[in-house]
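First the structure, in the form of structure tokens, and then the observations on it.
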Amino acid sequence: MKMTSSPITLDAYVRASRRSDADSLAVVVDHLAEAGKTIAQQLAQAALIGQLGTTGTTNVQGESVKKLDLWANEVVMAALEETGLVSVLVSEEMDEPRRVAPAGYAVCFDPVDGSSNLDVNGIVGTIFSIRPGPDPLQRGTNQVAAGYGPSTVIVLTLGEGVDAFTLDDGGRFVRSHSCLRMPARGRTFSVNDGHTAKWEPGIRRYIDWLREIDSASGRPYGARYVGSLVADFHRTLLEGGVYLYPAEMGRASGKLRLQYEAAPMAFLAEQAGGRASTGRERIMNIRPTTPHQRVPLLIGSAEDVSLAESYIAGRAA
Ligand code: AHM
Ligand code: MG
């Protein structure tokens with residue numbers, strides 16, 4: 001990881017990209033960043049202003065909806081619609097894609113990822129994925145930009161590597177990390193260990209292998225699990241290792257959603273030299289058939305993900 005010496009703002013960075021639509025993309029990313037700031041401010045005061053807890057409803061995926069999920073969804077939607085550059089929006093909090101214009105980008109987002117952490121003041125963040133519109137169902141390989149913002153950092157790729165931008169005192173996102181590279185191999189694994197009994201044998205054997213003592217191969221790996229993809233992925237991006245939300249008994253597609261969780265993180269991981277897989281196929285290659293489709297996700301350091309795949313395929317003992 002290189003700490004950058006020349007400060008560049010998020011807006012200037014996107015405008016300086018080699019993409020022909022750099023100026024339009026800068027407007028969309030800038031509006032997402034402003035929405036992120038608004039959400040961060042609200043989160044900071046949530047306990048004081050009655051914004052914790054649930055709405056008492058469930059979303060299209062059968063999950064309990066938190067007040068902040070809905071509120072943040074409106075903030076992100078309004079910010080994107082204001083750009084006039086977006087044709088369709090896909091959000092974790094909306095049953096159907098929302099058409100806003102005949103032409104423009106297709107933006108898929110999770111307004112508050114990790115929302116089970118909201119009421120305990122844990123780390124949450126917004127994930128976004130920008131594709132050329134107006135088709136909302138496109139492979140991850142079509143993404144023109146993807147990123148997320150846990151607290152007041154925005155991590156972004158435009159397909160030209162991965163950079164991170166930190167909110168400064170003046171309210172500007174300024175590049176703090178440039179050309180992030182994930183180590184080829186890490187020392188930690190991140191998975192909901194309580195679900196062990198629901199995993200297929202290959203995943204169980206792989207996690208057991210990570211727990212064995214063998215100093216030559218750097219084992220045992222440490223276990224780290226926040227239960228918030230933005231937080232767990234951010235650590236994995238910076239320090240390497242592997243994050244897994246595998247297929248489970250009774251939930252063959254895992255938990256995470258392709259369009260606004262797995263695909264944007266996969267784009268970031270690959271741009272940082274890492275890998276993202278269902279265990280059997282590259283996440284970026286999957287063509288979505290429904291807006292909220294779920295996929296198993298193994299993401300992180302290239303060697304760690306490859307070894308996990310070998311276990312699933314029965315190649316590793
Ligand atoms: P959410 O978008 O409803 O918050 O769900 C996604 C989250 C991820 O951030 C996290 O990695 C995972 O769900 C945690 O799930 P679990 O509590 O089953 O371990
Ligand atoms: Mg989520």
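Numbering starts at 1 and runs along the sequence shown. Computation of the quantities below employed the complete heavy-atom set of this structure, encompassing side-chain atoms and omitting hydrogens, waters and symmetry-equivalent molecules. Both ligands and their constituent atoms are indexed starting at 1 by order of listing.
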For ligand 1, is any non-hydrogen atom under 4.0 Å from Y243's backbone (N, CA, C, O), its side chain (CB onward), both, or neither?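 Just the side chain.
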Does ligand 1 have a heavy atom under 4.0 Å from the side chain of S228, from its backbone, from both, or from neither?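 The part of S228 near ligand 1 is the backbone, not the side chain.
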Looking at ligand 1, does L256 have a heavy atom less than 4.0 Å from it?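 It does; at least one heavy atom falls under 4.0 Å.
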Heavy atom of D232 under 4.0 Å from ligand 1?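 D232 does not count as a contact of ligand 1 under the 4.0 Å cut-off.
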Against heavy atoms of [X], which atoms of ligand 1 measure under 4.0 Å?
X    : value
G114 : 1 (P), 4 (O), 9 (O)
D110 : 2 (O)
L229 : 8 (C), 9 (O), 10 (C), 11 (O)
N192 : 16 (P), 18 (O), 19 (O)
E63  : 3 (O)
R257 : 1 (P), 2 (O), 3 (O), 5 (O), 6 (C)

Does the side chain of Y245 reach to within under 4.5 Å of the side chain of L229, using non-hydrogen atoms?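 When only atoms from C-beta onward are counted, L229 and Y245 do not touch, as no gap falls below 4.5 Å.
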Would a 4.5 Å heavy-atom cut-off, applied to side chains only, mark F233 and V155 as touching?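 Of all side-chain heavy-atom pairs linking V155 with F233, none is under 4.5 Å.
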From atom 2 (O) of ligand 1, work out which of K255, E92, K66, R251 has a heavy atom at the shortest distance.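 Shortest heavy-atom distance from atom 2 (O) of ligand 1: E92.
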Classify the ring geometry of Y206 against Y311: parallel below 30°, tilted from 30° to 60°, perpendicular beyond 60°.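 Ring orientation, 0 to 90° scale: tilted.
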Just checking I213: does its CD1 atom have more than 12 heavy atoms from other residues, nucleotides or ligands closer to it than 6.0 angstrom?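 No, the 6.0 Å shell around CD1 holds no more than 12 heavy atoms from other groups.
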Euclidean distance, T54 OG1 relative to K67 NZ, rounded to 0.5 Å: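 One finds 7.5 Å between NZ of K67 and OG1 of T54.
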Polar contact flag for H195 and ligand 1 (N/O pairs, less than 3.5 Å):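 N/O-N/O distance below 3.5 Å does not exist for this pair.
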Going hydrophobic residue to hydrophobic residue with side-chain gaps under 4.5 angstrom, can you get from L25 over to V76?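 Same hydrophobic cluster.
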Looking at R257, is its backbone amide N or carbonyl O close enough to the side chain of H292 to form a donor-acceptor pair, meaning the two atoms are under 3.5 Å apart?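 Here the side-chain-to-backbone pair does not exist.
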Flag for T278-R280: side-chain donor and acceptor within less than 3.5 Å: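 Not at all, the side chains of R280 and T278 share no donor-acceptor pair under 3.5 Å.
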